Every structure is written in structure tokens, then in C-alpha cells.
Number of protein chains: 2
Amino acid sequence: MAKPTAITNDLRRLRFEADEMTQAELAKRVGVTRQTILAIEQGKYSPSLEVAFKIAQVFGVPLEQAFQYPGEG
Amino acid sequence: MAKPTAITNDLRRLRFEADEMTQAELAKRVGVTRQTILAIEQGKYSPSLEVAFKIAQVFGVPLEQAFQYPGEG
DNA sequence: TCACCATGTATGTTATTTTTGACATGACAT
DNA sequence: ATGTCATGTCAAAAATAACATACATGGTGA
């Protein structure tokens, strides 16, 4: 909803914990382009709900473990 | 990512369980317009991750309890 | 009947997300 | 030195989410 998104994520950590999966590999599995993964990791914007779900699914974690919304806990 | 979104939600049920909160009231609390809530309830499109988080927050439930992604388990 | 409220519909506009392609950099191996 | 790989940057365009406004409908109550 905003340019500097308030949502943070742990994609980077999750990728490295997942056998150092590359951005390209993650992008392929999620079904988006590499630039999209990169932009999300950098916090340029937050992904759509669908993409967020898919990312969490690839890592096998609940969505809230991949993406955090401040004020949530 | 597609027009007919694969994501389903329980906004309607959650609203009624929350003392029959109206669409307008939910919209106000979330910080979006009534049309946005209506469109989401009708599955016209899925909300942004940020709006999804806020909605779950209003109802005091985890995001996955408000929105479901098929194939999640 | 009349007013009000919640919901739904319709249309158009703006903002944001996502895509694609091209190019730059540092690390590493040949 | 050359090639490859992962990452990062930039920019334009397409797709989708969100906005605003107006209007329609069914229910409820005065």
C-alpha cells in the first residue's frame, strides 16, 4: 500500500537455510521472475498475497514466518 | 496474479462473528474503502499483503485464518 | 409512505506490483 | 585473461489492487 513497505521478510535467511537456494531458483519455484524476488528481498515493495503464500509454501513455513507485519505480535 | 484469484477468505464469517461488524466498519478499521472490502469478500481480487495483515489484525487472528491458499495443507 | 442502513453494482481513475530485457559487479574456476 | 554464476541496477510497459463517486435494492422502523 505504500512505497516504503512496512512489511519485513526473511527471504534471504530462508534461502540460505534452504541449501543456499539462489534467487533464480526461488523465482522459478514460485513462478515469478528473479527481479521480483530481488525487489521483495530488498523491501522495495511487498508482494501480492498470492506470491507471499507461494513463497512460504516453497520454504514449507507459515506465511508469518516469512513475512512480518509490525504490530502483529 | 490472476483475475479469478485462487485465494479464498473468511471475511464474511469473521465479520459476523465479530458482533456483525459491517463492511464499512471493517473498512474504516483497516484503512481502506468499503469497496475494497466488498471486492475482497466477493473474490474479485486478493488484497495486498499489507491489507491482508491489517484485516487479520482487526479480527485478532493469524493471517492464515482469514485467507486460505489452496495447496497450503 | 418515507427515511435510513447495509449491501451490491457500475464506471473510471490512480497507485502499486510484476514483467521483461539489458547491463554492471565481484567471486570463482579454467 | 576469459567465461560463468549470483547478485544487483535501471527503465519501460503490462497487469492488478485500490480509490472515488454515484446509483440500485432489500430490510427495518418511524
Side-chain angles (χ1 to χ4, degrees), chain A residues 1-59 63-72, chain B residues 1-59 61-72:
Chain A
M1 264 190 106
K3 229 157 289 185
T5 179
I7 294 177
T8 60
N9 69 78
D10 279 315
L11 291 206
R12 204 133 207 145
R13 182 178 60 73
L14 287 166
R15 274 201 301 118
F16 279 81
E17 286 178 7
D19 201 29
E20 305 202 353
M21 185 188 301
T22 65
Q23 294 176 338
E25 175 66 18
L26 174 57
K28 187 178 146 199
R29 291 212 209 173
V30 172
V32 298
T33 62
R34 188 173 65 78
Q35 285 82 346
T36 298
I37 297 297
L38 178 59
I40 294 169
E41 281 194 3
Q42 289 177 150
K44 291 258 178 85
Y45 54 77
S46 32
S48 68
L49 187 54
E50 194 154 354
V51 169
F53 266 120
K54 281 186 190 163
I55 289 173
Q57 202 169 274
V58 166
F59 291 122
L63 196 148
E64 274 114 344
Q65 202 168 317
F67 298 92
Q68 298 87 34
Y69 185 66
E72 189 71 27
Chain B
M1 278 180 100
K3 228 158 297 181
T5 178
I7 294 177
T8 60
N9 69 77
D10 278 315
L11 291 207
R12 205 134 205 145
R13 182 177 60 72
L14 288 167
R15 275 200 303 118
F16 278 82
E17 286 177 7
D19 201 28
E20 305 202 354
M21 185 188 301
T22 65
Q23 294 176 339
E25 175 66 17
L26 175 56
K28 188 179 146 199
R29 291 212 211 173
V30 171
V32 298
T33 62
R34 186 173 67 80
Q35 285 78 354
T36 299
I37 299 296
L38 179 59
I40 294 169
E41 282 196 2
Q42 289 178 151
K44 291 259 179 81
Y45 53 75
S46 33
S48 68
L49 187 54
E50 195 154 355
V51 169
F53 265 121
K54 281 186 190 162
I55 289 173
Q57 202 169 272
V58 166
F59 291 122
V61 300
L63 197 148
E64 275 116 341
Q65 202 168 317
F67 298 92
Q68 298 87 34
Y69 185 66
E72 190 69 28

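Convention: sequence-line order gives letters A, B, ...; per-chain numbering from 1. Predicted model only: the values in this text are computed from it and were never measured.
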Measure the distance from [atom1] on [X] to [atom2] on [N] and round it to the nearest whole Å.
X: B:Y45; N: C:dT17; atom1: OH; atom2: P; result: 14 Å
X: A:E25; N: D:dA6; atom1: CD; atom2: P; result: 10 Å
X: A:K54; N: C:dT18; atom1: NZ; atom2: P; result: 10 Å
X: B:N9; N: D:dA17; atom1: CG; atom2: C1'; result: 15 Å
X: B:K44; N: C:dG12; atom1: NZ; atom2: P; result: 15 Å
X: B:I37; N: D:dA20; atom1: CD1; atom2: C1'; result: 16 Å
X: B:I7; N: C:dT17; atom1: CD1; atom2: C1'; result: 14 Å
X: B:L11; N: C:dG8; atom1: CG; atom2: P; result: 12 Å

Quick one: [atom1] on [X] to [atom2] on [Y], what's the gap to the nearest 0.5 Å?
X: A:I37; Y: A:Q42; atom1: CD1; atom2: CD; answer: 12.0 Å
X: A:Q23; Y: A:I40; atom1: CD; atom2: CD1; answer: 10.5 Å
X: B:S46; Y: A:F53; atom1: OG; atom2: CZ; answer: 9.5 Å
X: A:L26; Y: A:L38; atom1: CG; atom2: CG; answer: 11.5 Å
X: B:T8; Y: B:F67; atom1: OG1; atom2: CZ; answer: 9.5 Å

Once you build an axis from the first five pairs and another from the last five of the helix from C:dT1-D:dA30 to C:dT30-D:dA1, how far apart in angle are they, to 10 degrees?
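Taking the rotation axis at each end, their angle is 30°.
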Looking only at side-chain N and O atoms, does B:T36 come under 4.0 Å of OP1 or OP2 in D:dC19?
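Yes.
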Look at A:S46 and C:dT17 and indicate whether a side-chain polar atom (N or O) is within less than 4.0 Å of OP1 or OP2.
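Checking C:dT17 against A:S46, a side-chain N or O does come within under 4.0 Å of OP1 or OP2.
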Heavy atoms only, 4.0 Å cut-off, all strands: where does B:Q35 land among base, sugar-phosphate and nothing?
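The residue B:Q35 makes base contact.
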Categorize A:T33 for me: base, sugar-phosphate, or nothing, with a 4.0 angstrom heavy-atom threshold over every strand shown.
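Base, at least one base atom sits under 4.0 Å.
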Summarise protein proximity over nucleotides 25-30 of chain D in one line of letters, 5' to 3': B for base, S for sugar-phosphate only, - for none, counting protein heavy atoms closer than 4.0 Å.
------
For residues A:L49 and B:V51, determine if any side-chain heavy atom of one lies less than 4.5 Å from a side-chain heavy atom of the other.
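No. Closest side-chain heavy atoms not under 4.5 Å.
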Determine whether A:E64 and A:Y69 satisfy the following criterion, side-chain contact (heavy atoms from CB on, under 4.5 Å), listing intermediate values before the conclusion.
CA-CA 8 Å; A:E64 274 114 344; A:Y69 185 66; over 6 Å; no
Could you tell me which residues satisfy side chain to side chain donor-acceptor pair (under 3.5 Å) with B:T33, sequence neighbours excluded, listed by chain and number?
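B:T33 satisfies side chain to side chain donor-acceptor pair (under 3.5 Å) with B:T36 only.
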Can you run down the salt bridge (Lys or Arg N to Asp or Glu O under 4.0 Å) pairs that involve residues 29-39 of chain A, sequence neighbours left out, and say none if there aren't any?
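Residue pairs passing salt bridge (Lys or Arg N to Asp or Glu O under 4.0 Å), neighbours aside: A:E25-A:R29.
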Closest approach of B:A56 and B:L63, non-hydrogen atoms and distance?
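Scanning both residues, the minimum pair turns out to be CB-CA, 3.7 Å.
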So which atom in A:P47 and which in A:A52 form the shortest heavy-atom distance, rounded to 0.1 Å?
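Taking every non-hydrogen atom into account, CG-CB, 4.1 Å.
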Which atoms of nucleotides 5-7 of chain C (N or O only) lie under 3.5 Å from a protein N or O atom, and what are those distances?
unit_1 : atom_1 : unit_2 : atom_2 : d
C:dT7  : OP1    : B:R15  : NH1    : 2.8
C:dT7  : OP2    : B:Q23  : N      : 2.8
C:dT7  : O3'    : B:R12  : NH2    : 3.3

Between side-chain atoms of residues 10-18 of chain A and protein atoms elsewhere (two or more places apart, or another chain), which donor-acceptor pairs fall under 3.5 Å?
unit_1 : atom_1 : unit_2 : atom_2 : d
A:D10  : OD2    : A:Q68  : NE2    : 3.1
A:R12  : NH1    : A:E41  : OE1    : 2.9
A:R13  : NH1    : A:E17  : OE1    : 3.1
A:R13  : NH1    : A:E17  : OE2    : 2.9
A:R15  : NE     : A:E41  : OE2    : 2.5
A:R15  : NH1    : A:M21  : O      : 2.8
A:R15  : NH2    : A:E41  : OE1    : 3.3
A:R15  : NH2    : A:E41  : OE2    : 3.1

